[in-house]
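See below for the structure under consideration.
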Amino acid sequence: MAERPIVIATRKLPPAVEDRLSRDYRAALNPDDSLYEAEALLRAAEGADALFVLPSEKLTADVIGRLPASIRAVATFSVGHEHIDLPAARKRGLVVTNTPDVLTAATADLAMLLILTCARRTFETQDILRAGKWPRMAPTWMLGTDVTGKHLGIFGMGRIGRALAQRARGFDMTIHYHNRSRLPADLEAGAIYHADADEMLDHCDFLSLNSPASTETHHWLNADRLARLPDRAFVINTSRGPVIDEAALVAALQEGQIAGAGLDVYEHEPQIHPGLIAQKNTYLLPHIGSATIETRNAMGFKCLDNLDAVFAGREPPNRLA
Ligand code: DGY
């Protein structure tokens, strides 16, 4: 019987995922969850058959070009794939897969949570209560804003953008969206399409960024676009930090150009711009969009389904390269 393929897991994974990985492969796990620098990853890859990675590992053209010939596949435990140079992978004949679909609901839930928390100032009030500083219920204290009936602009109407729209409709929000192309009527579900994304900004009480990170979306929300948003608008980001020019966002918050921001992702994770922390009207989460046990297990199993297909000589279901 052929030896089981060797898979290097670059991060500590949920127990159920590590169990299956260790059952079906000769797995090198990472119980300390320490980060692999490129050189260490290249050394670990010697003699291995596949890498099971996260966005923390940057598979640049240089790294891919230096991977040992034994590496046939890379499965990333993420839907985002900006950390992998796909053209370089294709050139090298490397199979690359990701984990779409299974994290859509969890990430859309978190975007909706950020909308609600921005509107109702829940983080602020929680801090005050825990510090024992709640004066008493008062008619004019900690007033937020309604979500019901407000306008939500969604930049990027892929799976997660559409799942967020579905949730927001439950709050009677009017949905506006911009996408590279207009969706068919059944997927649009009554949302208002703006071919010109800048024109959509004028309508937003909330603007949610749901596009992938790419050279086209890098710093898409810049100083000019922030200035175009109404001053009542909140910016929500559960996609990727670099879609926002973080320094420009801090300036817009400081100058009161917008009402606040609810963020789960940052330009230089895990560093957070000190200006975001200093603002009272920012609601900051540490990249937990997909962080539910069900979702993280499903993401891990998807990575394994893809690797299983590669090593059984089948087409992997979520192939990027
Ligand atoms: C994704 O899947 O891209 C999430 O952000 C987790 O990294």
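Here, residue 1 is the first one in the sequence, and each next residue gets the next number. In each ligand, atom 1 is the first atom listed, and ligand 1 is the first ligand listed. If you're wondering where the values come from, they're calculated on a predicted model, not measured in any experiment.
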Can you list every pair where an N/O of ligand 1 is under 3.5 Å from an N/O on the protein?
{"unit_1": "ligand 1", "atom_1": "2 (O)", "unit_2": "Val79", "atom_2": "N", "d": "2.6"}
{"unit_1": "ligand 1", "atom_1": "3 (O)", "unit_2": "Val79", "atom_2": "N", "d": "3.4"}
{"unit_1": "ligand 1", "atom_1": "3 (O)", "unit_2": "Gly80", "atom_2": "N", "d": "2.9"}
{"unit_1": "ligand 1", "atom_1": "3 (O)", "unit_2": "Arg240", "atom_2": "NH1", "d": "3.4"}
{"unit_1": "ligand 1", "atom_1": "3 (O)", "unit_2": "Arg240", "atom_2": "NH2", "d": "2.6"}
{"unit_1": "ligand 1", "atom_1": "5 (O)", "unit_2": "Arg240", "atom_2": "NH1", "d": "2.7"}
{"unit_1": "ligand 1", "atom_1": "5 (O)", "unit_2": "His287", "atom_2": "NE2", "d": "2.8"}

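Side-chain rings of His176 and His203 approach one another, their centers coming within less than 6.0 Å.
A heavy-atom distance below 4.5 Å is not found between the side chains of Phe52 and Asn30.
Residue pairs meeting the ring pair (Phe, Tyr, Trp, His ring centres under 6.0 Å) criterion with at least one member in residues 256-286, sequence neighbours excluded, are Phe123-Tyr283.
The shortest heavy-atom contact between Arg225 and Trp220 is NH1-O, 2.7 Å.
Considering only residues two or more places apart in sequence or on other chains, Asp224 meets the salt bridge (charged side-chain N to carboxylate O under 4.0 Å, His left out) condition with none of them. With sequence neighbours excluded, no residue forms a salt bridge (charged side-chain N to carboxylate O under 4.0 Å, His left out) with Arg90.
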